[in-house]
Amino acid sequence: MPKQKAASGKKGTRHVSLIVRWVSIVAMTIMVSFLVFSAVVYNTVKQEALSQQKYMSNEVVNVLRKRLIGIDDELEITNVVQQLSPNTRRILTGGPALSENDNSNSSVFGYSVLSTVTNPDMTVAIYNLRNEIVFHNGDSAPKLVKFTSESKSVTKEGKDGQSSLYVYRKVRNRKSHKLTGYIVVKNQMTGYNRLISRTLKAMLWLSILGISLAIVISYLVVRSVVRPINKMSKVAREVNADPNSTARIPELHRNDELEELALSFNMMLDRMQKYIEQQKQFVSDVSHELRTPVAVIEGHLSMLKRWGKDDPQVLEESIDASISEAERMKHLIQEMLDLTRAEQISVHYPNAIAEPMEVLTRVVGDIGMVHPDFKISLEVEDLDPDTKIQIYQGHLEQILIILIDNGIKYSTDRKEIAVAAGQSGQEMQIVVQDYGEGISDEDKKKIFNRFYRVDKARTREKGGNGLGLSIAQKLVESYHGTIDVESVLGQGSQFRITFPVLTDEEVKELESREEQKQAGTESPKQDPTI
């Protein structure tokens, strides 16, 4: 018991770890995908916002540069302030931003410079060639750094984690292109930093929420998949422990591949169980039926060993009896093999096709030659010679021989067998009528059972083992047909078998499957192997 509990615990742990592993894989996949998506969105927003800030900073530089390129000499406080709009000078001296004396031309440009120097995010500094500040609009002027190109843009991150944009631009005279000074603009990018911070926080929260939802959903989905698999595994272990177990996978109510797998698994177990029962039945029947002939042969051999070998008459009788019993055992074994094969038609002959008209004509003619003292007639009504049914031709012959031979064995004075065939809609029927002893109502319920004999004494005299009708029934039912009997004591019996007629499309499909089977390409479902 402790070992079983430990094994059960290990299995339970293995199932849990399987669920966790699947959930981890799915959640990790979703998490990585979501993080990649978030990173792409974050970088896109960041680049677009940074581009906008660069554009604004460059506009500020351009506004100042346009006012300063008219200065011929090196930039100084006097000429720089003079070039700036009157509005700017008034602001620097503490005056009003606008004056009634400003004309439209100067005011228009003045508004641009005004917006430039009063933007709280923009800190402007103008340097001369000696690196001296000649103008700035903030508490602290951005420092000038060396740069070789006409302009330079640099993004720096402060100790507080806030980013600032620095734009450096050389100022040259409009006519002579002489270098007169430098413009430095520092953009604190308050709106940019706020946007990036909010976007990053939103992405982090969305990522946490998305990953949490992904884990929960993945767990539910994986559990819904693993649970039926665990049920299948449990049933498989039970069947493996006890091949006779009737454990089956319960209905999953999923309408998906797992439910189809469960149904196929149950069908496989049912079929396996059926084969096991057939094997048991075969061994039981053979051992039971062989017991008598073996005992007879053993008795004769014992008698011969004791004293019979010295008596020529006893010796001959014992040898004849032993040969007769051995012959009967041979027939019995053959019939048992035929019965076993009849129960496995779908394995050996899944695509067989036969023309019943041709088989009926040949079988009736052959048996008529073997039994010339019997009148064996064939009557066909409304049966197309090209009619086809799904059955192996040899098995249809075997069924007819069993039924006709059975009628011959149980015939009395009227030695006549009537065989009739006809078609009604999508079914064809074959009737075998004899005029012999007949069968009682009680025996009619049992005649298809294995080894059942209506009159055991007479049957043994005629060589029967009671397996013929069982074989016929198994063959008929294996090919989706039906067989029944009507009989009246003293008047005879009538056996009727019915088979579905194949359509042209069904014939083509079966022929195609058979061709694929012969070529070795038929799927396992259509061509199962033993």
Side-chain angles (χ1 to χ4, degrees), residues 12-61 115-124 137-140 142-143 145 151-168 184-231 252-258:
T13 304
R14 185 167 61 248
H15 296 162
V16 173
S17 64
L18 178 62
I19 296 177
V20 172
R21 192 180 303 117
W22 274 98
V23 171
S24 301
I25 292 173
V26 176
M28 185 64 68
T29 303
I30 297 176
M31 181 182 68
V32 171
S33 302
F34 192 84
L35 290 177
V36 170
F37 173 77
S38 300
V40 171
V41 173
Y42 175 76
N43 286 326
T44 302
V45 172
K46 184 177 181 180
Q47 292 300 324
E48 287 296 323
L50 184 59
S51 298
Q52 185 178 6
Q53 294 297 323
K54 287 182 178 180
Y55 174 79
M56 293 173 58
S57 300
N58 287 324
E59 283 295 307
V60 170
V61 172
S115 62
T116 296
V117 298
T118 57
N119 188 333
D121 275 351
M122 299 292 181
T123 303
V124 178
N137 69 335
D139 295 335
S140 61
K143 294 181 180 181
V145 297
S151 63
K152 178 181 179 181
S153 297
V154 178
T155 302
K156 298 180 180 179
E157 186 173 343
K159 294 181 180 180
D160 56 354
Q162 301 295 307
S163 298
S164 299
L165 176 64
Y166 290 82
V167 179
Y168 306 91
V184 181
V185 174
K186 176 185 177 183
N187 186 352
Q188 293 182 352
M189 300 192 296
T190 304
Y192 167 84
N193 289 320
R194 187 187 308 115
L195 174 64
I196 295 303
S197 177
R198 290 178 178 177
T199 302
L200 182 60
K201 289 180 181 179
M203 287 298 177
L204 288 175
W205 280 110
L206 285 175
S207 298
I208 293 173
L209 179 61
I211 292 171
S212 300
L213 288 176
I215 292 175
V216 173
I217 294 174
S218 301
Y219 177 80
L220 295 176
V221 172
V222 173
R223 188 178 66 171
S224 68
V225 174
V226 174
R227 181 177 294 175
I229 294 178
N230 288 338
K231 292 181 180 179
L252 302 179
H253 304 290
R254 295 176 58 93
N255 194 27
D256 60 2
E257 290 80 2
L258 283 174

Run the side-chain donor-acceptor check on residues 49-57: report pairs under 3.5 Å with partners two or more places apart or on a different chain.
unit_1 : atom_1 : unit_2 : atom_2 : d
S51    : OG     : Q47    : O      : 2.8
Q53    : OE1    : N187   : ND2    : 2.9
S57    : OG     : Q53    : O      : 3.0
S57    : OG     : N187   : ND2    : 3.0

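- Annotation: the span from K46 atom NZ to E48 atom CD amounts to 13.5 Å, rounded to 0.5 Å.
- Crowding of N43 atom CG: a count of heavy atoms from other residues, nucleotides or ligands under 6.0 Å exceeding 12.
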- Message: Apply side chain to side chain contact (heavy atoms under 4.5 Å, CB included) to residues V60 and V124 and explain how you reach the verdict.
- Response: CA-CA 9 Å; V60 170; V124 178; 4.1 Å; yes
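- Here Q188 contributes atom CD and Q162 contributes atom CD; the two are 9.5 Å apart, rounded to the nearest 0.5 Å.
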- Task: Output, in order, the C-alpha distance, side-chain angles, deciding distance and verdict of side chain to side chain contact (heavy atoms under 4.5 Å, CB included) for V185 and T123.
- Result: CA-CA 6 Å; V185 174; T123 303; over 6 Å; no
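- For K156, the side-chain contact (heavy atoms from CB on, under 4.5 Å) partners two or more places apart in sequence, or in a different chain, are V154, Y166, Y168.
- Listed by chain and number, the residues in a side-chain contact (heavy atoms from CB on, under 4.5 Å) with S151 are R169 (sequence neighbours excluded).
- Of all heavy-atom pairs spanning G191 and D121, the tightest one is N-OD2, 4.2 Å.
- With sequence neighbours excluded, the residues that form a side-chain contact (heavy atoms from CB on, under 4.5 Å) with S163 are T155, E157, M189, Y192, N193.
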Which pairs of donor and acceptor atoms, one on a side chain in residues 195-216, lie under 3.5 Å apart (sequence neighbours left out)?
unit_1 : atom_1 : unit_2 : atom_2 : d
T199   : OG1    : L195   : O      : 2.7
S207   : OG     : M203   : O      : 2.6
S212   : OG     : I208   : O      : 2.7

